[in-house]
Amino acid sequence: MFEGFRPQAIDFLWGIRFNNNREWFADHKQEYTRELNNPLKAMAQALYAPYCQNPNLIMKVCRILRDTRMHYDLPYRDSLWLSLRPRTEEWYRVPNLYFSIRPEGVEYGLSLWRPEPAQMELFRKTVSADPDAFLSALEATERATGEKVTADCYKRPKPCENPDLLPFFSWKTNVSCFRQEPVGPGIFEPELADRVGAFWAGTRPLFDFFDTMRPIV
């Protein structure tokens with residue numbers, strides 16, 4: 001059962017940010033396990049419950065140790081996350097429902113981080129063919145969450161004959177709808193998981209829309 005994070009979780013993340021080395025982590029490993037790893041796994045279990053009957057969705061919880069194959073300068077993450085997403089190794093090309101905790105606070109929502117250009121071309125063709133389906137999903141997501149859907153954009157939008165769709169034809173990567181909560185009493189209460197779950201549920205119209213556009217690799 002998720003019982004919330006404690007202020008010591010944020011203390012640890014500040015500590016690893018300024019002492020990102022194996023010696024410091026070894027001295028604080030029990031603190032990491034108690035204050036971050038165990039609560040994050042408990043939150044993942046709670047958030048996965050409404051989706052566990054869907055075999056196409058999996059829950060992932062990150063490790064604090066970075067993947068050495070990526071040649072990072074620092075060995076440990078100072079931001080930890082969990083993610084619910086479709087089953088694929090190309091996780092950054094499919095919609096993710098995520099939660100992250102870092103020294104400054106928490107963030108959660110929907111992200112389509114790095115879709116292939118061919119995916120976004122498929123997106124534009126799909127939207128052109130049925131604008132109402134996309135616009136309804138977009139409106140429902142923004143209404144339910146109270147947050148705008150944003151994206152990193154091309155400098156020049158792709159050609160579009162429908163002026164209502166023109167803003168979305170500039171979307172390139174990092175399509176997101178998220179909420180941030182700074183460090184404060186709210187992130188140290190069990191109800192945090194309820195807020196994240198409710199926000200995730202609010203993003204499902206857009207999540208489901210993008211889930212139909214599988215990566216082209």
CD of Glu89: more than 12 outside heavy atoms within 6.0 angstrom? no
Closest heavy-atom contact between Glu142 and Val149? OE2-N, 2.9 Å
Taking atom CD of Glu139 as the centre, report whether more than 12 heavy atoms of other residues, nucleotides or ligands fall under 6.0 Å from it. no
Side chain Glu35, main chain Arg6, donor-acceptor under 3.5 Å: no
Nearest heavy-atom neighbours spanning His28 and Phe12: O-CE1, 3.7 Å
Is the number of heavy atoms from other residues, nucleotides or ligands under 6.0 Å of Arg34 CZ greater than 12? yes
Measure centre to centre between the rings of Phe199 and Phe178, then say whether the value is under 6.0 Å. no
Do the side chains of Glu189 and Arg195 get close enough for a salt bridge, i.e. N-O under 4.0 angstrom? yes
Taking the six-membered ring of Tyr154 (Phe, Tyr or Trp), confirm whether the NZ or CZ of Lys158 is under 6.0 Å from its centre and within 45° of its axis. yes
Minimum side-chain heavy-atom gap Pro7-Phe188 below 4.5 Å: yes
Closer than 3.5 angstrom, by distance alone: can the side chain of Glu181 be matched with the main-chain N or O of Ile187 as a donor-acceptor pair? no
Between Tyr98 and Tyr108, is the ring centroid distance below 6.0 Å? no
Can you name the closest pair of heavy atoms from Phe169 and Cys160 and give their distance? CD2-CB, 3.5 Å
When you measure from the side chain of Ser170 to the backbone of Leu166, do you find a donor-acceptor pair of N or O atoms at a distance under 3.5 Å? no
Is there a donor-acceptor contact under 3.5 Å from the side chain of Arg66 to the main chain of Tyr76? yes
Does NZ or CZ of Arg114 come closer than 6.0 Å to the centre of the six-membered ring of Tyr92, within 45° of the ring's axis? yes
If every non-hydrogen atom of Leu65 is compared with every non-hydrogen atom of Pro75, which pair is closest and at what distance? CD1-O, 3.4 Å
In short, Pro131 meets Asn162 closest at the heavy-atom pair CG-ND2, 4.1 Å
Residue of the set Leu97, Asn96, Leu110 for which side chain to side chain contact (heavy atoms under 4.5 Å, CB included) holds with Leu84: Leu97
For Phe99 together with Trp81, are the ring centres under 6.0 Å from each other? no
Would you call Glu107 and Arg179 a salt bridge, taking side-chain N to carboxylate O under 4.0 Å as the test? no
Closest non-hydrogen atom pair between Arg124 and Pro117, with its separation: NH2-O, 4.4 Å
